[in-house]
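Chain identifiers are assigned alphabetically (A, B, ...) following the order of the sequence lines, protein sequences preceding nucleic acid strands; residue numbering begins at 1 within each chain.
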Amino acid sequence: MLDMKFIRENRDKVIAGVTNKKEDPAFVDEVLSLDDQRRELLQKVEQLKAKKNTVSAEVGKIKSRKEDASAIIAEMKSVADEIKTIDEQLGTVEAKRTDLLLQIPNIPHESVPVGKSPAENKVIATHGDPPSVDFPMKPHWELVEKLGIIDFARGTKITGAGFPVYIGKGAQLERALINFFLDEASAQGYTEIMPPLMVNAASATGTGQLPDKEDQMYVVTKDDFYLVPTAEVPVTNLYRDEILPQKNLPVKLCAYTPCFRREAGSYGKDVRGLNRVHQFNKVELVKFVHPDSSYDELELLRGDAERLLQKLGLQYHVLLMCTGDLGFTQTKKYDLEVFAPGQKKWLEVSSVSNFESYQARRMNLRFRPDGGKPEIVHTLNGSALALPRIVAALLEHNQTPEGKVVVPKVLHGYTGFELIG
RNA sequence: GGAGAGGUGGCCGAGUGGUUGAAGGCGCUAGUCUCGAAAACUAGUAUAGUCGUAAGGCUAUCGAGGGUUCGAAUCCCUCCCUCUCCGCCA
């Protein structure tokens, strides 16, 4: 969430930012009005509490002298009632304020182009070329079926649509990619985390999945847990409610997890094959950094993700997302899209974002500047990378006329084979 | 799942209704002492909200939330977590 003080002092800026994100700016003034009410009630009740405290201490002294304090006690009873009444009002106002505060999105960074639709995202870099072949390239769903390495139909039987089964070299390729990504991250100084795959409501709120994106998560109602939609959630919450020493910054973490997403509302859109599934594997990078360096760290993070695509020899481009296409909690975001030549489509395989203090404030994640008061850290994350679309692009990019697939060299040590089929 | 014990400041630990934001110790920071260090001694050492130009004041916080009371770390209720024993189990 945003800092209440910041909203108070920058009303117009916040409204502009919220509007550019295509969110409702009406909440901003509502929050400000609730904030005024809150402070008014707070002052009133705190004065009464101060009185209560001094008089109650007095009662103690009187009683210890074995004197009569019944008159004062009777008087304080009405004060106590008044406190209770105002406290209740205060509680209501505060709950509303917090509720609204959670519904105000983070505001975009000034370097982000203002825009309404994905069409206004900017392609800021492209790398690699499509394979130069003289045969018609197949989409991956045809390749994997013939090769028998991913079985969508049986996944549907076991669970439901969007739960593919990886078989034989398909499973091995998946495992190889996960290890490759994790090893690359470790080499860049990221500490590997293996987190829980279910999180509680507090964690989901910390990263912004709740209340905004509740419908996208699978819920274990019996225990009030959520299946992780991305490792971002458990990993970013690792130090929730903690104060990190400044010398530990930047904290760099990486994690492989399966990701579970209901993908409600996206039926029929790019759902063929591996393009959009309910359960998939992903390696995620997370950083906690000093507020002064978060935009430099964002570029480094993007580099870490890009390098993987380069090493895999895939064609990709980098999008700088416009304000209207930014997520609720993000101030700036790059998407990496890889080209899948069999279906002639760009597929999003990574999303690299800065959240500034927005998540960290929700999570109460701070650092202590040397000798100073605790401050909120900035959080960033990026996929490095999401597996299914990488596999899709990789299979399509490296297919042979016979429908076999050549494994990229960097993976040979991981797969133990160089050809599928 | 059953039975029991317990959750206090960075850590250990005292505290069963009346100056307890919280004794004492450890740790940490600064100072004294020392050629320097250790030891010893002295002082300081939470977070947040709110009012104030500031100094500073006030409020809240002893797992979380609610209740009783003029007054709660202390009594009551609910929940969470940890530990021990039993059961079950990869």
Give me the distance, rounded to whole Å, that separates B:rG2 from B:rG17 when you measure between the C1' atoms they each carry. 35 Å
Tell me yes or no: between the side chains of A:T329 and A:N106, is some donor less than 3.5 Å from an acceptor? no
Are there more than 12 heavy atoms of other residues, nucleotides or ligands under 6.0 Å from atom CD of A:Q37? yes
For A:E67, side chain to side chain contact (heavy atoms under 4.5 Å, CB included) partners two or more places apart: A:I62, A:R65
Mind checking who B:rA38 pairs with, Watson-Crick or G-U wobble, both distances under 3.5 Å? none
Counter-base of B:rG17, judged by Watson-Crick or G-U geometry with both distances under 3.5 Å: none
Main-chain N/O of A:E94 paired to A:R38 side chain as donor or acceptor, under 3.5 Å: no
Toward the 5' end of RNA chain B, which comes first, A:Q47 or A:E94, by nearest nucleotide? A:E94
Just the endpoints, please: which first and last nucleotides of RNA chain B, 5' to 3', lie under 4.0 Å from a heavy atom of chain A? B:rG18 to B:rG71
Kindly check if the number of other-residue, nucleotide or ligand heavy atoms within 6.0 Å of CD (A:E40) is above 12? no
Sort out the partner of B:rC79 for me: Watson-Crick or G-U wobble, both distances under 3.5 Å, none otherwise. B:rG63
Now, which nucleotide makes the Watson-Crick or G-U wobble pair with B:rU45, with each of the two distances under 3.5 Å? B:rG27
What's A:K44 touching, base or sugar-phosphate or nothing? Going by heavy atoms closer than 4.0 Å. nothing
Between A:T54 and A:I73, name the one whose nearest nucleotide on RNA chain B is closer to the 5' end. A:T54
Using a heavy-atom cut-off of 4.0 Å across all strands, would you classify A:R8 as base, sugar-phosphate, or nothing? sugar-phosphate
Can you tell me the base-pairing partner of B:rG71? Count Watson-Crick or G-U wobble geometry only, both distances below 3.5 Å, and say none if there is no partner. none
Rounding to the closest angstrom, what is the interatomic distance between B:rA73 and B:rA23 at atom C1'? 14 Å
Atom CD of residue position A:E9 - does it have more than 12 heavy atoms of other residues, nucleotides or ligands inside 6.0 Å? yes
Base paired to B:rU53 (Watson-Crick or G-U; both N/O distances under 3.5 angstrom): none
P gap between B:rG9 and B:rA22, integer Å: 15 Å
Pick the P atom in B:rG67 and in B:rG4, then give their distance to the nearest Å. 28 Å
Which nucleotide, if any, forms a Watson-Crick or G-U wobble pair with B:rG1, using both distances under 3.5 Å? B:rC86
Please report the distance separating the C1' of B:rC75 from the corresponding atom of B:rG15, rounded so that it comes out in whole Å. 15 Å
Got a list of side-chain donor-acceptor pairs under 3.5 Å for residues 413-421 of chain A, not counting sequence neighbours?
unit_1 : atom_1 : unit_2 : atom_2 : d
A:Y414 : OH     : A:D183 : OD2    : 2.7
A:T415 : OG1    : A:L411 : O      : 3.2
A:T415 : OG1    : A:F417 : N      : 3.2
A:T415 : OG1    : A:F417 : O      : 2.6

Provide the distance between the two P atoms, one in B:rG63 and one in B:rU74, to the nearest whole Å. 8 Å
